[in-house]
Amino acid sequence: MGTSKVASMHDAVAALVRDGDTVAIEGFTHLISFSAGHEIIRQGRHDLTLARLTPDVIYDQMVAAGVARKIIFSWLGNPGVGGLNAIRRVTEGPSASLELEEYSHFGMVARYTAGAANLPFFPIRSYFETDLPVVNPLIRPIESPYGDGTVYAVPPLKPDVTIVHAQRADANGDTQAWGLLGCQKEAAFAAERVIVVVEELVEEAVIRADPNRTIIPGLIVDAVVVEPWGAHPSYVQGAYDRDNRFYIDWDPISRDPAATDAWLAEWVHGLGGRADYVEKLGAERLAGLRPSAPAPSGSVDYGEYR
Amino acid sequence: MGTSKVASMHDAVAALVRDGDTVAIEGFTHLISFSAGHEIIRQGRHDLTLARLTPDVIYDQMVAAGVARKIIFSWLGNPGVGGLNAIRRVTEGPSASLELEEYSHFGMVARYTAGAANLPFFPIRSYFETDLPVVNPLIRPIESPYGDGTVYAVPPLKPDVTIVHAQRADANGDTQAWGLLGCQKEAAFAAERVIVVVEELVEEAVIRADPNRTIIPGLIVDAVVVEPWGAHPSYVQGAYDRDNRFYIDWDPISRDPAATDAWLAEWVHGLGGRADYVEKLGAERLAGLRPSAPAPSGSVDYGEYR
Amino acid sequence: MTDPAAFTKSEMMIAAAARELAGQRVCFVGVGLPNIAVNLAKRTVAPDLELVYEAGVFGARPARLPLSIGDPTIVSGATAAMSMFELFAFYLQGGLVDVGFLGAAQIDRFGNINTTVIGDYANPSTRLPGSGGACEIAINARQIFVIMRQSKRSFVGKIDFRTSPGNLGGAANAERIRREQGWLGRGPSVVVTDLGIYHFDDDGEMRLDSLHPGATLEAVRDTIGWEPRISPDLAVTPAPTGPELELMRVELDPGGTYIR
Amino acid sequence: MTDPAAFTKSEMMIAAAARELAGQRVCFVGVGLPNIAVNLAKRTVAPDLELVYEAGVFGARPARLPLSIGDPTIVSGATAAMSMFELFAFYLQGGLVDVGFLGAAQIDRFGNINTTVIGDYANPSTRLPGSGGACEIAINARQIFVIMRQSKRSFVGKIDFRTSPGNLGGAANAERIRREQGWLGRGPSVVVTDLGIYHFDDDGEMRLDSLHPGATLEAVRDTIGWEPRISPDLAVTPAPTGPELELMRVELDPGGTYIR
């Protein structure tokens, strides 16, 4: 099937992420493509609208680096630690310069779903008697055509680029993931362009042996980037754990603009890419993030039918 | 967790399927619970509303046996063979006695989805400029609250009972299936009561080793019936093939009311249950339906995190 | 081994339909004749064709001709197997399908299709299967291919029920409505029958562009419920090749369900 | 080994919150304090409790305290891991969640919750995380449990932003609106703080039913922005037991993130 889509992160971002784009790096706590976020910073993209349920440390870094003009989100924090300080600096007080567009988690998931399904809106039973539709006029009531009341609608979200990290893909971009699946599938189908970053490149036969495990078909994928540890400090089910120390350490760094700049200089601008980053983190730190033991899924039989 | 839900098909149907119920035996060509349909006939249920995308031979048999007053569907045929003759007899001509409520496939899937998600309607881009909304007033136009046009809505479908066949479940009812997944998940979540019929009862640990493979949690399951070959003459991915000869043979039988009655007497009323049916089919016929070779999915690693 | 000089009208029809798929990328495979035509195309003119089955499969590689629209052979070795919600919402309605390949019981000159009833809906003389996925395929696939045998009962001046919209009352009418309603589909582009190949002209009406070997314009006119438009450059369809016939007879339809 | 005579206010709060889950079946676990309270309950009063994580997990059996609302330990060994669409649509909105367990930055006497901003929305003095799933949990879970520390800044007469609806302007008002709008949720039923346990009375207002050991009514009044209703049968919360403390200190929160 066609030619390989395997590319370096540099080339994938250079070709597919453009100034002014709406970019979604999705993955709910799991499989967050920090490596793509860093490359976007390194290439100096600007005026991006960044969409993500949980902006997390990666968008805090991207905002600190000046790539964003707006964030579309549903929960803005450093999970388990506190606030996102770089984002707070540009959203609190009279000099706020970063635009925020805010939903709930299900609202964001429903927005991607409407985008993926080419629907003009998606109805959900949420937002009743809250202030969210007051401050976000895109959350609108919609009456059931069956005369049984009103629910709320959210509009489709169609990113220019969606970037997801996964355990494995083949060279066509056929992608499989397990563990938490978040809304990567919906965000990818909703997007104009898709970059998949994987821990491991596998033969097409590995994918085709378990078609129910596929979350994204190569059909909608523009580039496959192979970068082990590309989701660090977030995690990859079965491969490595969340590096909680990183999330905790980010808090004091991000409170201090100078320290933040120094961190970006050292860990992003000062490195060529994820391979350098992995080397700099060091084998010992990485080894400590491996699962305590394997937990195999077991195999099921699809049968051959000739 | 809790006590076992394992029951005989007799007891499951006796306890959970009631006269006048809306019953959905779902499974798109794959995993069709013929065995549950036969038990419903055997117990003489009546005035059922039968919902299914493709009524298939099983609903033809149930209609022939007089259990149904109405069918809700999207494609009414004997797939690859022709019409469903018992259903045609009671729907064509001036003496039609079976009520039909008709959608498209996506309309039916959307109805179950709205039922499962407790939505008052589900919007889809279908039905434009067709006669379906003309003859089915439950298919209604709905305007986008964003001023960008109109789509169609379908109402939720919430069966009293949904019955699905699957490869395996544990005694709690936690159910896993692979291959074609149809809309079993949506139909099960939409239902008030759920019966799961499986080829194999497995330990809870087998399910929990691969949580992404679970399609229905025991939480919504009322009974687990263990009946190998319970989906014959439909098929079970990895276990057995479709018995096409059965579908072809059904055509002349179902054209003749007397032959149909004789078939029901011999293969349904005359048997105690699926074990008798399997024995009557014979080992040779069944052996011919096994896959030509195994096709293992392979195992993935979830990792232990302590 | 296979004599290309002897072939059935069905074999010609299926081979001609398969060839129309050359250059296409993603095809949504309908039940019946489309299924064998698409599977033949995948083995001949369009090896990279991605097969989409409404049962919930993308990138199928059936090792045999699937017995119906759902079959374990379309899953084993496929790229992805998923819920029907995902297939209809994200693949079809999401705009990823280039060709929707349908059969029909009745068709009119503008490619509008009936697969629901013959006669009155409430009191039909024949109850047909209904839409299945055809209604949304016709609206959301970028273009529609149709394969069906010609007869006065099937090629009619007015269809009894519009299950799947084609060019409605003609091209101008259809284009305006599609634009206003935001359809992704541009409507029907090919109809292949047992007698010839039709495309749609600027008025949105079927035009006979190629006549199968052995078929005549009389036979065409005798099996169509309106005066058909004939291309001034009417071609003759190349006969099925030896390899096409071999594939149909030996691999795809050894029982002769479709090709007889 | 663990001295039950010495415990922190946080330990008392978490133990009291966990005990409230006795007899419950399906709990949607919020981020932060709810996470440790629910995990403690699963190991003590409610071993059959089914844990639902918004990240897309049903029937989690975390081998350690999850670091945040998403963590690989909530997946390994779970009953089901799925897309967030499925979790929110079918489990939560579908009505399968008995208890939604939330934290809050501000709460009012009727259990309405703010986790969005302090101050004006457009120009906030503090930007809080926002809804996450809390808004739809409050509407769709059958009942809501809240765990949060008391202070004049958090227990306020009027919240700055209503992220998650509680009993709105009182029980009568809330019941009418829930009925009219078809909510599945019946609203908040328990608030556990570092000082005591509140339930909601017939007016839909918080009522102090139990005071933690060491806490005083003065301390309660000093940390609440309205004159609190006090039960005439005010109880004293039983202190954390040795096993509860052991579980919190050794297994669930050895780093002392929550229990200090």
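Naming convention: chains lettered A, B, ... in sequence-line order (proteins, then strands); numbering from 1 in each chain.
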Closer than 3.5 angstrom, by distance alone: can the side chain of [X] be matched with the main-chain N or O of [Y] as a donor-acceptor pair?
{"X": "A:Q237", "Y": "D:P72", "value": "yes"}
{"X": "A:Y235", "Y": "D:D71", "value": "yes"}
{"X": "A:D131", "Y": "D:T163", "value": "no"}

* Classify the ring geometry between D:F85 and A:F106 as parallel (under 30°), tilted (30 to 60°) or perpendicular (over 60°). => tilted
Tell me which of these, [options], has more heavy-atom pairs under 4.5 Å with chain D than the rest.
{"options": "A:V135, A:I215, A:T113", "answer": "A:V135"}
{"options": "A:V151, A:L181, A:N244", "answer": "A:N244"}
{"options": "A:R88, A:K185, A:H30, A:E102", "answer": "A:E102"}
{"options": "A:I124, A:T91, A:D241", "answer": "A:D241"}
{"options": "A:G82, A:A295, A:A110, A:S104", "answer": "A:S104"}
{"options": "A:S126, A:G80, A:S292, A:G238", "answer": "A:S126"}

* To do: Flag yes if more than 12 heavy atoms outside D:D120 fall under 6.0 Å of its CG atom; otherwise flag no.
  =>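 Counting neighbours around CG of D:D120, more than 12 heavy atoms of other residues, nucleotides or ligands fall under 6.0 Å, so yes.
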* Contact class of D:Q181 relative to chain A, heavy atoms under 4.5 angstrom -> both
* Verdict with supporting geometry, D:S164 and A:T130, side-chain contact (heavy atoms from CB on, under 4.5 Å) -> CA-CA 6 Å; D:S164 307; A:T130 75; over 6 Å; no
* CH2 of A:W75 to OG1 of D:T116: how many Å apart, nearest 0.5 Å? -> 12.5 Å
* Asked: If you measure from CD1 on D:I177 to CD on A:E129, what distance do you get to the nearest 0.5 Å?
  ->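 Going from CD1 on D:I177 over to CD on A:E129, the span is 4.0 Å.
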* To do: Under the side-chain contact (heavy atoms from CB on, under 4.5 Å) rule, what do D:S131 and A:Y103 come out as? Steps first, then yes or no, please.
  => CA-CA 7 Å; D:S131 164; A:Y103 299 85; over 6 Å; no
Pick from [options]: which one has the most heavy-atom pairs with chain A under 4.5 Å?
{"options": "D:T257, D:I74, D:T126", "result": "D:T126"}
{"options": "D:A89, D:G56, D:A81, D:P66", "result": "D:A89"}
{"options": "D:Y258, D:Y53, D:F161", "result": "D:F161"}

* Assess whether side chain to side chain donor-acceptor pair (under 3.5 Å) is satisfied between A:H105 and D:E54, documenting all intermediate values. => CA-CA 9 Å; A:H105 280 347; D:E54 64 188 6; 3.3 Å; yes
* side chain to side chain donor-acceptor pair (under 3.5 Å) between D:E136 and A:Y152: does it pass, once the steps are laid out? -> CA-CA 11 Å; D:E136 38 257 354; A:Y152 275 93; over 6 Å; no
